[in-house]
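Scroll down for the structure; my scribbles are underneath it.
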Amino acid sequence: MKLFDRIAALALLLCLLPVGCFGEDAPAYAVSRRKTEAAYDSETLKYTVETLYLNQTKCYLTTVWVADPARQIKKAVSPWHQALAKAEDLGQQIPGAALVINGSGYVSPTYPDIPENYPGASADYYYTPLGSLTVIDGEVYRDLEGVPYYGLTLEADGLHLYAGADNDAVLAKAPLQTWSFYEGCPMYLDGQELLDREWPFAARRAIRNVIAKLPQENTYVILISTSTVGLTLLEANDFMIGEYSPEWVYNLDGGPSAALFTRAKGKKKLKLIYGAGQKIVDVMGFIE
């Protein structure tokens, strides 16, 4: 074929390719094989748990709505500064819990690292959640002066995400509960991506537990990736933003700490959907 003919054929081929094939509009993730695993439907609580494959990694995707978040989102925590507890046992401490996930990151002799701006030594934080501010049932357990807060709060109108907020400003909102992990775990807030794409932790494939607030009132979505391949936080964030246009996205503790339990209507016992039985510091539960 002559050079001119080759150029003409290539030009025609390029014209036939779909817009976005060069990456500008190409999706950053691929979703397949969605299947409903569990569901709950009442006047005050609705959720659906699906399995899906996100970038070839099996995930559990939970969409949950509550009528009154302040009364229906609960926290159970292991004995403060004493020991960790299994997620199932913590979930059973929440009367009527119909959906339970693991919550905060924590410090222990096994995971002794604390952020550089925390005062004191690692042992001062053993068996407690990460985060400069810890509130449990409206009572302040930790308030590190001069250390900004990165994490979730439960307030009168639902869950909120803070990324580097002054603790006094957070406490002024009268939070009922807090859940926190690393400083880099707020991933998206008010239309801006906060996730540091150069952060090694964000680019590592692992079991993840990511929660987002949807634009719909009192509605949240939780993405838990499973083992073997795992997800990066970059992939999880791209999925949440691309699928839901959320108000915020936050990375809760993952790895072996990840846990998901559901309870069918009329049953008393929580059923394990995903988790390895790791002892953790706290959980987030949803009740009628």
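The shown structure was predicted, so the numbers you read here are calculated from the model rather than taken from an experiment. We count residues from 1, following the sequence as given.
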Count I, L, V, M, F, W, Y as connected when their side-chain heavy atoms are under 4.5 Å apart, and connections chain through other members. Are [X] and [Y] then in the same cluster?
{"X": "Tyr220", "Y": "Leu54", "value": "yes"}
{"X": "Met240", "Y": "Leu189", "value": "yes"}
{"X": "Ile207", "Y": "Tyr111", "value": "yes"}
{"X": "Leu234", "Y": "Trp199", "value": "yes"}
{"X": "Tyr141", "Y": "Val135", "value": "no"}

Nearest-0.5 Å distance, [atom1] of residue [X] to [atom2] of residue [Y]:
{"X": "His160", "Y": "Glu247", "atom1": "NE2", "atom2": "CD", "value": "8.5 Å"}
{"X": "Tyr188", "Y": "Ser245", "atom1": "OH", "atom2": "OG", "value": "6.5 Å"}
{"X": "Leu99", "Y": "Glu288", "atom1": "CG", "atom2": "CD", "value": "12.5 Å"}
{"X": "Trp179", "Y": "Thr134", "atom1": "CH2", "atom2": "OG1", "value": "12.0 Å"}
{"X": "Leu260", "Y": "Thr226", "atom1": "CG", "atom2": "OG1", "value": "12.0 Å"}
{"X": "Leu252", "Y": "Leu223", "atom1": "CG", "atom2": "CG", "value": "11.5 Å"}

I'd like to know if the side chain of [X] reaches the main chain of [Y], judged simply by a donor and an acceptor atom lying under 3.5 Å from each other, with no hydrogens or angles considered.
{"X": "Ser225", "Y": "Arg208", "result": "yes"}
{"X": "Tyr149", "Y": "Leu152", "result": "yes"}
{"X": "Thr128", "Y": "His81", "result": "no"}
{"X": "Ser132", "Y": "Pro148", "result": "yes"}
{"X": "Thr153", "Y": "Glu155", "result": "no"}
{"X": "Glu88", "Y": "Leu272", "result": "no"}
{"X": "Tyr244", "Y": "Ala212", "result": "no"}
{"X": "Lys58", "Y": "Thr51", "result": "no"}
{"X": "Ser104", "Y": "Tyr106", "result": "no"}
{"X": "Tyr250", "Y": "Phe181", "result": "yes"}

- What's the verdict on side chain to side chain contact (heavy atoms under 4.5 Å, CB included) for Ile94 and Val283, showing C-alpha distance, side-chain angles and the deciding distance? CA-CA 10 Å; Ile94 302 175; Val283 297; 4.1 Å; yes

May I ask you to test the [X]-[Y] pair for a side-chain heavy-atom distance under 4.5 Å?
{"X": "Lys268", "Y": "Arg263", "value": "no"}
{"X": "Lys213", "Y": "Trp248", "value": "yes"}
{"X": "Leu45", "Y": "Val64", "value": "yes"}
{"X": "Thr232", "Y": "Arg205", "value": "yes"}
{"X": "Pro246", "Y": "Val221", "value": "no"}
{"X": "Phe239", "Y": "Val210", "value": "no"}
{"X": "Leu90", "Y": "Val100", "value": "no"}
{"X": "Leu133", "Y": "Val147", "value": "no"}

- Message: Would Tyr150 and Glu183 count as a side chain to side chain contact (heavy atoms under 4.5 Å, CB included) here? Give the steps.
- Response: CA-CA 6 Å; Tyr150 294 83; Glu183 180 179 309; 3.4 Å; yes

- Message: Under 6.0 Å between ring centres: does that hold for Tyr182 and Phe201?
- Response: yes

- Item | Residue among Asp282, Thr178, Asp137 satisfying side chain to side chain donor-acceptor pair (under 3.5 Å) with Lys75 | Asp282

Are there more than 12 heavy atoms of other residues, nucleotides or ligands under 6.0 Å from atom [atom1] of [X]?
{"X": "Lys173", "atom1": "NZ", "answer": "no"}
{"X": "Lys279", "atom1": "NZ", "answer": "no"}
{"X": "Gln216", "atom1": "CD", "answer": "yes"}

- Yes or no on side chain to side chain contact (heavy atoms under 4.5 Å, CB included) for Met284 and Leu159, after CA distance, side-chain angles and deciding distance? CA-CA 11 Å; Met284 181 186 297; Leu159 294 173; 4.0 Å; yes

Using every non-hydrogen atom in the two residues, find where [X] and [Y] come nearest and quote the distance to one decimal.
{"X": "Leu270", "Y": "Gln92", "value": "N-NE2, 3.6 Å"}
{"X": "Val107", "Y": "Leu130", "value": "CG2-CD2, 3.6 Å"}
{"X": "Asn218", "Y": "Pro69", "value": "OD1-CG, 3.4 Å"}
{"X": "Gly105", "Y": "Val281", "value": "O-CG1, 3.9 Å"}
{"X": "Ser42", "Y": "Lys46", "value": "O-NZ, 3.1 Å"}
{"X": "Ala259", "Y": "Phe261", "value": "CB-CE1, 3.9 Å"}

- Would Asp238 and Arg197 pass as an ion pair if we require N to O under 4.0 Å? yes

- Task: Could you please spell out the steps behind the side-chain hydrogen bond (donor to acceptor under 3.5 Å, both in side chains) verdict for Asn102 and Asp253?
- Result: CA-CA 7 Å; Asn102 65 294; Asp253 196 6; 5.0 Å; no

- Task: Take Phe286 and Tyr47, measure what ring-ring contact (aromatic ring centres under 6.0 Å, His included) needs, and give me the verdict at the end.
- Result: CA-CA 10 Å; Phe286 299 81; Tyr47 71 71; 8.5 Å; no

- Item | Ile273 vs Thr62, side chain to side chain contact (heavy atoms under 4.5 Å, CB included): CA-CA, chis, key distance, verdict | CA-CA 11 Å; Ile273 300 295; Thr62 303; over 6 Å; no

